[in-house]
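The next block holds one structure in the form of structure tokens; read it before the comments.
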There are 2 protein chains.
Amino acid sequence: MTMAQPTGDDLVEMLAALANPLRLRIVAKLAGGRDYVSRLAREIGVSRPLLHMHLQRLEAAGLVVGSLELSEDGKAMKYYEVADFDLHLTAPALAEAAKTLTRSDPVKGPARKERS
Amino acid sequence: MTMAQPTGDDLVEMLAALANPLRLRIVAKLAGGRDYVSRLAREIGVSRPLLHMHLQRLEAAGLVVGSLELSEDGKAMKYYEVADFDLHLTAPALAEAAKTLTRSDPVKGPARKERS
DNA sequence: TTCACGTGTAAGTAGATTCTTACACATGAA
DNA sequence: TTCATGTGTAAGAATCTACTTACACGTGAA
């Protein structure tokens, strides 16, 4: 199911997850079909621990989903696939999302003065 | 004019610019009308140098546009307004954008050098 | 037992990002 | 001149991010 209206905080997390060339490549690769970590690392040309880290970030943002499965020869394989997301970014849409931001508030307190 | 198909690199830069609560708030505020830096800083409750920095990032990504104007009383005012952007993010769309990625690193400089 | 393959995670580091404080310059009004 | 407004930018600190290297544990096959 597609997340229609993520909160401002969730949106920031999703955007941060996508704002990285390597993670964009990972999503692009997974868009062509599910894959398990070690193989994906080989195909993209990245170390497995690094890929692991990026997949964690993508999964935390809800952009990919992972599932641990057992292969026929008994090995534990972690398969990942893209989630069904659909974000539409326009100024009005962002203004709407910004209403639900809870982090990094305009500091607690009134606007600070500039000259003492 | 709206940028229909930004390159992978441009997309990453736009996403990185939007992946920040404060900058999201800035865009949201400007979506309600243009404003100049000092006033915007007061309204959002942020220091002017900090806002200046974030506006630079947003403008570099093509999400806002700034223009230096002279007020009636002769002061130099830097007005900013939102650009007309429209990004549609889906797995297939990202896969398409990923084809035009030229760098492997986040958003820094050119492609990183290989090591032997 | 050893090898080849899969998994996860911790430690350390170089470089970015975010933010504050401070300085510099211009103008109109008091 | 001094004050209040606007502009820009530099220096430093605290914190993230991205990445490498190294370790741990599991399986089936040679």
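In this text, all values refer to a predicted model and were calculated from it rather than measured experimentally. Each chain gets a letter, A, B and so on, in the order the sequences are listed, and its residues count up from 1.
- For A:H54, the side-chain hydrogen bond (donor to acceptor under 3.5 Å, both in side chains) criterion is met by A:R23, not counting sequence neighbours.
- Between the CE atom of A:M53 and the P atom of D:dC19 there is a distance of 6 Å, given to the nearest Å.
- Remark: B:S71 engages B:D73 in a side-chain hydrogen bond (donor to acceptor under 3.5 Å, both in side chains) (not counting sequence neighbours).
- Contacts between residues 58-77 of chain B and DNA chain D, counted as heavy-atom distances below 4.0 Å, involve B:K75, B:A76, B:M77.
- Counting heavy atoms from C-beta outward, B:E69 and B:Y36 have side chains that stay 4.5 Å or more apart.
- Residue A:R57 places at least one side-chain N or O closer than 4.0 Å to OP1 or OP2 of D:dT17.
- Atom-to-atom, CG of B:L40 to P of D:dG8 comes out at 13 Å; the value is rounded to the nearest Å.
- A sub-4.0 Å separation between OP1 or OP2 of C:dT20 and a side-chain N or O of B:S47 is present.
- Side-chain to base pairing of A:R39 with C:dG6: no donor and acceptor N or O lie closer than 3.5 Å to each other.
- Under 4.0 angstrom from either OP1 or OP2 of C:dC19 there lies no side-chain N or O belonging to B:H52.
- At whole-Å resolution of the value, CG in A:L55 and P in C:dT9 are 13 Å apart.
- When distances run from any side-chain atom of A:R48 to the nucleotides C:dG8, D:dA22, D:dT5, the shortest one goes to C:dG8.
- OP1 and OP2 of C:dT17 both lie 4.0 Å or more from every side-chain N or O belonging to B:H54.
- The shortest distance between the side-chain N/O atoms of B:N20 and the OP1/OP2 oxygens of C:dT18 is below 4.0 Å.
- Using a 4.0 Å heavy-atom distance criterion, A:V46 is classed as making no nucleic acid contact.
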